[in-house]
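Encoded as structure tokens, the structure appears first; notes follow it.
Here the structure is a predicted model, which is why all the values come from computation and not from measurement. The figures here come from the full heavy-atom set of this structure, side chains too, leaving out hydrogens, waters and symmetry mates.
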Amino acid sequence: MKIGGILVILHPKEYFFMENKKPLILISNDDGYHSKGLGCLIEMLSGMAYLLVCAPESARSGFSCAFSATTPLRLKLRRKGDNYEVWSCSGTPVDCVKIALSELCGGRKPDMVIGGINHGDNASVNTHYSGTMGVTMEGCLKNIPSVAFSLCDHRDDADFEPMAGLVKDITRKVLDHGLPRGVCLNVNYPVVPDGVKGVRICRMAMGCWNNEIVKCRHPRDYDYYWMVGEYTNEEPEATDTDNWALTHGYAAITPTRMDVTAYDSFEKLGFITE
């Protein structure tokens, strides 16, 4: 290719993304490249943008923003279509975003990063544990408009079709208008028999997980443990939270800020420096 009369040798990816005028959306998840939620997301958005998928080679739920500092990573192209390509990565959800930006985008910055669609909700404190939100936070930290989508159904064969309209609408609006710097969206969709009542902008509910460890005895005479847990909403009557919206049949959108500084505590903590 010649630019300004100068011959420039481009990597095939660089040339492809320079020629492709469609928006570029980078997608990952924490359920693995083979998950139904990711496949449904590709179907929902395939006509809207070029979809570059880089997802873990197997489930990585609960990995949050972890990345592989001491383990080498592997990439593998799994499938490719006219408007999408799906790669797997041996690492975490955040690894997937990092390696895709470095190795798969051909130097082009994605117009948007999407995490999901997750099997199971990521409301309340699950925000801090979620690999789906790890994808979205990583995109946001790279100053790319980023959204996480989750369905409140953990089943492998969950029905994602009811949320297709909302996914397309939010994606289109974010592509058109962007998001405030340092803010990403955590979108959770309830499972209700008669359809959602509407969409609410919510804050994260305060809650916690309890009874998280089950101790078992192995036949070979040693103890082992399962991570489980029971979630408790600590403010069930608060009507402005994501938990309240989801339990009352509303889709919940929680704007999530990367700056975690507790500004309102500056004055209260003055005694620390006295």
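Considering all non-hydrogen atoms of both residues, Cys96 and Pro56 come closest at SG-N, 3.4 Å. In terms of heavy atoms, Leu246 sits closest to Asn188 at CD2-O, 3.5 Å.
Between Leu104 and Leu75 the shortest side-chain heavy-atom distance falls below 4.5 Å. Within the 4.5 Å cutoff, the side chain of Thr254 has no heavy atoms near those of the Thr127 side chain. A heavy-atom distance below 4.5 Å is found between the side chains of Leu52 and Leu24. The side-chain heavy atoms of Lys98 and Glu103, taken from C-beta on, include no pair separated by under 4.5 Å. Ile27 is listed as a side-chain neighbour of Leu41, based on a closest heavy-atom distance under 4.5 Å. Here the side chains of Ile170 and Val187 are in contact, with some heavy-atom distance below 4.5 Å.
Under a cutoff of 6.0 Å and an axis angle of 45°, Lys215 and Tyr224 do not form a cation-pi pair.
Asp30 places a side-chain N or O within donor-acceptor distance of the main-chain N or O of Gly131, the cut-off being under 3.5 Å. Ser130 places a side-chain N or O within donor-acceptor distance of the main-chain N or O of Met133, the cut-off being under 3.5 Å. In this structure, the side chain of Ser146 does not engage the main chain of Met137 through any donor-acceptor pair within 3.5 Å.
Other residues, nucleotides and ligands place more than 12 heavy atoms under 6.0 Å from the CZ atom of Arg217. With a 6.0 Å radius and a threshold of 12 heavy atoms from other residues, nucleotides or ligands, Met258 has its CE atom above the threshold.
For the 3.5 Å distance criterion, the side chains of Asp95 and Ser68 qualify, holding a donor opposite an acceptor. Judged purely by distance below 3.5 Å, without hydrogens or angles, the side chains of Ser124 and Asn126 never pair a donor atom with an acceptor atom. Side-chain contact of Ser35 with Asn29: a donor-acceptor pair under 3.5 Å is present, judged by distance alone. Between the side chains of Arg78 and Ser88, at least one donor-acceptor pair of N or O atoms lies under 3.5 Å. Thr256 and Asn186 share no donor-acceptor pair across their side chains, judged by distance under 3.5 Å alone. Under the 3.5 Å distance criterion, with hydrogens and angles disregarded, no donor-acceptor pair is assigned to the side chains of Asn210 and Glu230.
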Derivation of the salt bridge (charged side-chain N to carboxylate O under 4.0 Å, His left out) call for Glu85 and Arg79: CA-CA 6 Å; Glu85 55 192 80; Arg79 60 186 185 272; over 6 Å; no
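We find that Arg155 and Asp159 are not joined by a salt bridge, their nearest charged nitrogen and carboxylate oxygen being 4.0 Å or further apart. Salt bridge status for Glu235 with Arg203: present, with a side-chain N to carboxylate O gap under 4.0 Å. Note on Lys36 versus Asp156: no salt bridge recorded, every NZ/NE/NH1/NH2 to OD/OE distance being 4.0 Å or above. Ion pair Asp169/Lys173 flagged as a salt bridge, since at least one NZ, NE, NH1 or NH2 atom sits closer than 4.0 Å to an Asp/Glu carboxylate oxygen.
Hydrophobic clustering, defined by side-chain heavy atoms of Ile, Leu, Val, Met, Phe, Trp and Tyr closer than 4.5 Å, groups Tyr231 together with Val125, Tyr129, Trp209.
Residue pairs that meet the ring-ring contact (aromatic ring centres under 6.0 Å, His included) test with at least one member in residues 141-193, sequence neighbours left out, are His119-Phe160.
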